[in-house]
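Read through the structure below, which is laid out as structure tokens, and then see the notes.
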Amino acid sequence: MSEKPEVMEETISGAIVRRYFEKLESYLAVDVAIVGAGPSGLVAAHDLAKAGLKVAVYESKLAPGGGTWGGGMLFNEVTVQNDAAEILHEFGIATRPYDANYHTVDSVEMASGLIFGARRAGAVIFNTVKVEDIVMHDGVVSGVVINWNPVARLEMHVDPIVVTSRALIDGTGHPSEIINKAVNKAGVKVDSPTGGILGEKPMWMADGERTTVMNTKRLYPGLYASGMAANNVQGGFRMGPIFGGMLKSGRKIAEIVKADLGK
Ligand code: 48F
């Protein structure tokens, strides 16, 4: 009996399906789930994975990177402060000094470099996957409820699947979607002045940059926020097209989660 000749179509489809499901299966229980692959989520993913934690990032869009790609008003240059430029250099991302305080960086290099850096550190990014709910076990946030974003967009009646986590970081940016679920659906009081979400104030760049880092913290057992989501919860000012606070927030939340998980 002669061997069945290889059918390339079968091999290629099999490779994709098997490898994807291996990845999905081994990430059904993670140390850290990060919702949103914006700059803060990607820096956190990088630092946490580098510390040896099992990190999954869920990004509802096809391309991770969040608000990085568009620079300011689609002018694809990003600005960062000197100390944040150092974080980008760690990822191998080149910056250009602009004056004594600021650097500029090509936004495409920044987005792709942050994505690649997080991935190379060991974080797995599940793109086109929307986190639609959280898991609560005995008063502790314990995971994420996920579905394909196109399923959500088409309002298809399809049940999700669930991934458990020891720590869940809301890196969803301005809407702070995950904290919203905790406050408005689970009815918990988070660590904010009201126990709820105060909402972002208008533009004040310097203050927004400062408070984004200050507001980055654990909000509830098992639940953390980074970047614009953290600032939105605490009612911080909007900072607009400067990204240093986002990078530093990602780094800060990684330090807090590492300490909480004993790393
Ligand atoms: O908004 P985003 O870039 O988050 P960030 O890290 O950075 C904010 C800056 O980009 C910018 C700024 C300048 O400093 O203020 O806005 O706080 O990225 C958030 C990502 O989360 C995804 C969304 O598609 C985006 O890429 N996202 C939002 N909700 C969900 C989600 C969800 N429910 N499930 C999965 N991904």
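Counting convention: from 1, in listed order, for ligands and their atoms alike. Residue numbers run from 1 in the order of the sequence given.
- If you number the atoms of ligand 1 from 1 as listed, the ones under 4.0 Å from a heavy atom of Val129 come out as 35 (C).
- Proximity of Arg238 to ligand 1, defined as any heavy-atom pair under 4.0 Å, is not found for any part of the residue.
- Close approach of ligand 1 to Met228 is summarised as follows: ligand atoms under 4.0 Å from at least one heavy atom of the residue are 15 (O), 17 (O).
- Scanning the protein for heavy atoms near atom 6 (O) of ligand 1, the closest one is Ser40 OG, 2.8 Å.
- Counting protein heavy atoms only, atom 34 (N) of ligand 1 is closest to Val131 N, 3.0 Å.
- No cation-pi contact links Lys217 to Tyr224, judged by a cut-off of 6.0 Å to the six-membered ring centre and 45° from its axis.
- Contacts between Met246 and ligand 1 below 4.0 angstrom, taking non-hydrogen atoms only, involve the side chain exclusively.
- Taking each of Gly240, Gly72, Pro175 in turn, the one with a heavy atom nearest to atom 12 (C) of ligand 1 proves to be Gly240.
- Considering both main-chain and side-chain atoms, His174 comes within under 3.5 Å of ligand 1 through a nitrogen or oxygen pair.
- Where the criterion is an N or O separation shorter than 3.5 Å, residue side chain and backbone included, Glu209 fails it with respect to ligand 1.
- With sequence neighbours left out, the ring pair (Phe, Tyr, Trp, His ring centres under 6.0 Å) criterion links Trp204 to Phe237.
- Residues satisfying the side-chain hydrogen bond (donor to acceptor under 3.5 Å, both in side chains) criterion with Lys252, sequence neighbours excluded, are absent altogether.
- Summarising the contacts of atom 19 (C) of ligand 1 with Gly171, Ala230, Ser176, the nearest heavy atom is found in Gly171.
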